[in-house]
Amino acid sequence: MTTINLPLDGKIVPYMLTGTPIELKKREAKSFPRIAFAAAHVVADPLADNDPWLTPAIDWERTLAFRHRLWDLGLGVAEAMDTAQRGMGLGWPEARDLIRRALTEASSRKDALIACGAGTDHLTPGPDVTIDTILRAYEEQIETVEAAGGRIILMASRALAVAAKGPDDYVRVYDRILRQVKEPVIIHWLGEMFDPALEGYWGNGDHLKAMETCLEVIEANAGKVDGIKISLLSKEKEVTMRRKLPKSVRMYTGDDFNYAELIAGDEQGHSDALLGIFDAIAPAASAALDALGRKSNHEFFDLLEPTVPLSRHIFRAPTRFYKTGVVFLAYLNGLQDHFTMVGGQQSTRSLTHLAELFRLADKARVLADPELATARMKQVLAVHGVH
């Protein structure tokens with residue numbers, strides 16, 4: 001058994017790895033009983049001569065290879081979302097390039113499920129930004145995605161959260177946009193725990209009251225809405241909304257705390273998935289969905305439930321820093337050769353946090369090569385003065 005010394009409660013203590021890595025196996029999305037998107041991260045280029053806080057530098061080869069890995073596992077790619085640091089280091093010019101490149105890669109294969117984020121993040125919220133300005137911004141990004149042949153994930157707008165005077169402004173914007181889209185979209189309601197600038201979205205700080213406005217929009221435009229992803233980290237709120245949706249509209253869980261039971265569902269329905277954690281636990285997610293398709297619910301939970309403590313740790317408050325854990329796990333698993341992030345966000349979590357992530361990833365069986373992961377963890381420890 002491999003052993004490594006890790007920080008815990010202010011001390012350095014030995015930890016023995018026990019997890020048996022989940023087998024990587026190619027699967028197809030059409031074989032799963034649920035639609036499952038992984039919101040994929042971007043791989044930064046650590047050799048670029050740039051100012052990381054100001055200018056993103058992307059390793060395109062590794063970034064696109066990671067998307068092929070997700071497709072090989074049967075997962076869809078939710079492109080240019082907050083997992084990719086969209087609006088949090090990755091600007092619209094880079095996101096636009098990412099979307100076009102990813103759609104080109106998807107077109108090269110028959111089994112690639114992909115949808116792309118369109119929002120208003122090229123606007124700087126302020127008093128001069130009007131509802132009409134926001135509409136034009138949405139239209140610009142939607143046109144970019146549709147011109148490249150992509151499906152839309154309609155992202156929440158920070159500018160709209162500032163400019164809207166109440167629920168009616170949200171209804172106006174979403175009604176106008178949904179009437180124009182070529183194909184049904186996935187609406188993304190991102191909670192303030194992921195992005196504090198989105199507090200009070202849909203015109204109300206009470207999520208249940210905000211939900212009524214969102215449902216009003218969906219019901220009026222059901223033919224243009226494939227589904228909605230809510231990221232509120234509340235299974236009760238998700239189930240409440242799921243049961244109120246029109247029958248033709250899917251609920252895509254964005255709940256990185258309770259996804260296993262929400263995907264499994266109950267006698268009144270289930271959630272599909274659009275999750276940032278599926279980037280980090282892709283082999284487990286793929287194997288679990290395969291088991292669910294074989295009606296082996298026990299195996300589904302055996303595979304997926306051990307990943308939930310890992311996900312809760314990665315997404316702990318401040319939740320917006322979860323991207324650091326996602327990228328760190330990609331580094332441990334050899335999917336990139338460095339722990340460097342767009343915007344320098346590798347610094348947002350402590351060494352103690354990363355050490356606990358390592359332990360939980362081992363227990364969840366998502367360290368693909370325990371020896372490699374241990375060697376890389378030791379390198380990170382050494383940078384922090386732990387030998």
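Quick caveat, the model's predicted, so the values are computed rather than measured. Reckoned from all heavy atoms, side chains included, excluding hydrogens, waters and symmetry mates. The residues of the chain are indexed from 1 along the displayed sequence.
Heavy atoms only, all atoms of each residue included: Ala84 and Ala40 are closest at CB-O, 3.5 Å. Closest approach of Cys116 to Val145, counting heavy atoms only: CB-CG1, 3.9 Å. Shown here for Tyr138 and Met155, the closest heavy-atom pair between the two residues is OH-O, 2.6 Å.
The shortest distance between side-chain heavy atoms of Val383 and Val380 does not fall below 4.5 Å. Residues Ile114 and Arg151 are not in side-chain contact: their nearest non-hydrogen atoms beyond the backbone lie 4.5 Å or more apart. Using a 4.5 Å heavy-atom cutoff, the side chains of Leu154 and His188 are not in contact.
Counting heavy atoms of neighbouring residues, nucleotides and ligands inside a 6.0 Å radius, atom CG of Asp49 does not exceed 12 of them. Atom CD of Glu212 sits in a crowded spot, with more than 12 heavy atoms from other residues, nucleotides or ligands closer than 6.0 Å. Atom CD of Gln180 sits in a crowded spot, with more than 12 heavy atoms from other residues, nucleotides or ligands closer than 6.0 Å. Enclosure of atom CZ in Arg316 is not indicated, since only 12 or fewer non-hydrogen atoms of other residues, nucleotides or ligands lie within 6.0 angstrom.
At a threshold of 4.5 Å between side-chain heavy atoms, the hydrophobic network of Ile, Leu, Val, Met, Phe, Trp and Tyr places Leu90 and Leu123 in two separate groups.
Rounding to the nearest 0.5 Å places CG of Asp169 at 4.0 Å from CD1 of Ile131. Separation of atoms CG (Leu245) and CG (Leu215) is listed at 6.0 Å; rounding is to 0.5 Å. Atom CZ of Phe278 sits about 11.0 Å away from atom CG of Leu70, to the nearest 0.5 Å. Atoms CG and CD1, from Asp255 and Ile263 in turn, are 10.0 Å apart once rounded to the nearest 0.5 Å. Rounding to the nearest 0.5 Å places OG1 of Thr63 at 9.0 Å from CZ of Arg101. To the nearest 0.5 angstrom, Arg365 atom CZ is 15.0 Å from Lys363 atom NZ.
At a threshold of 4.0 Å, the pair Lys244-Glu219 does not count as salt-bridged, since none of the basic side-chain nitrogens sits closer than that to a carboxylate oxygen. With respect to the salt-bridge test (charged N to carboxylate O, under 4.0 angstrom), the residues Arg86 and Asp121 qualify. Of the charged side-chain nitrogens involved, none lies within less than 4.0 Å of a carboxylate oxygen, so that Glu105 and Arg67 do not count as a salt-bridged pair. Taking the charged nitrogens against the carboxylate oxygens, Arg359 and Glu356 do have a contact shorter than 4.0 Å, which makes a salt bridge. Taking a cutoff of 4.0 Å between a charged side-chain nitrogen and a carboxylate oxygen, Asp337 and Arg62 qualify as a salt bridge. A salt bridge between Glu28 and Lys30 is present, with a side-chain N of the basic residue lying under 4.0 Å from a carboxylate O of the acidic one. Classification of Asp279 and Lys323 as a salt-bridged pair fails, no side-chain N sitting under 4.0 Å from a carboxylate O. By the 4.0 Å N-to-carboxylate-O rule, Lys224 lies too far from Glu183 to be salt-bridged with it.
Side-chain contact, Asp369 with Asn333: no donor N or O sits under 3.5 Å from an acceptor N or O. Under the 3.5 Å distance criterion, with hydrogens and angles disregarded, a donor-acceptor pair is assigned to the side chains of Tyr322 and Thr83.
In this structure a side-chain-to-backbone donor-acceptor pair under 3.5 Å is present from His338 to Thr340. Of the possible donor and acceptor atoms, none in the side chain of Asn5 sits under 3.5 Å from a partner among the backbone N and O of Ile12. Not a single donor-acceptor pair under 3.5 Å links the side chain of Asp290 to the backbone N or O of Ser286. Side chain of Glu146 to backbone of Lys182: a donor-acceptor contact under 3.5 angstrom is found. When atom types are taken as modelled, the side chain of Asn50 and the backbone of Thr55 share a donor-acceptor pair closer than 3.5 angstrom.
Applying the ring-ring contact (aromatic ring centres under 6.0 Å, His included) test to residues at least two apart or on different chains, the pairs with a partner in residues 55-85 are His41-Phe66, His68-Trp71. Applying the ring-ring contact (aromatic ring centres under 6.0 Å, His included) test to every pair with at least one member in residues 149-185, sequence neighbours left out, gives these pairs: Tyr170-Tyr201, Tyr170-Trp202, Tyr174-Trp202.
The salt bridge (charged side-chain N to carboxylate O under 4.0 Å, His left out) check on Asp266 picks up Arg242, Arg243, with sequence neighbours excluded.
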Worked verdict on Arg250 versus Asp272 for salt bridge (charged side-chain N to carboxylate O under 4.0 Å, His left out): CA-CA 7 Å; Arg250 298 176 181 273; Asp272 292 284; 3.0 Å; yes
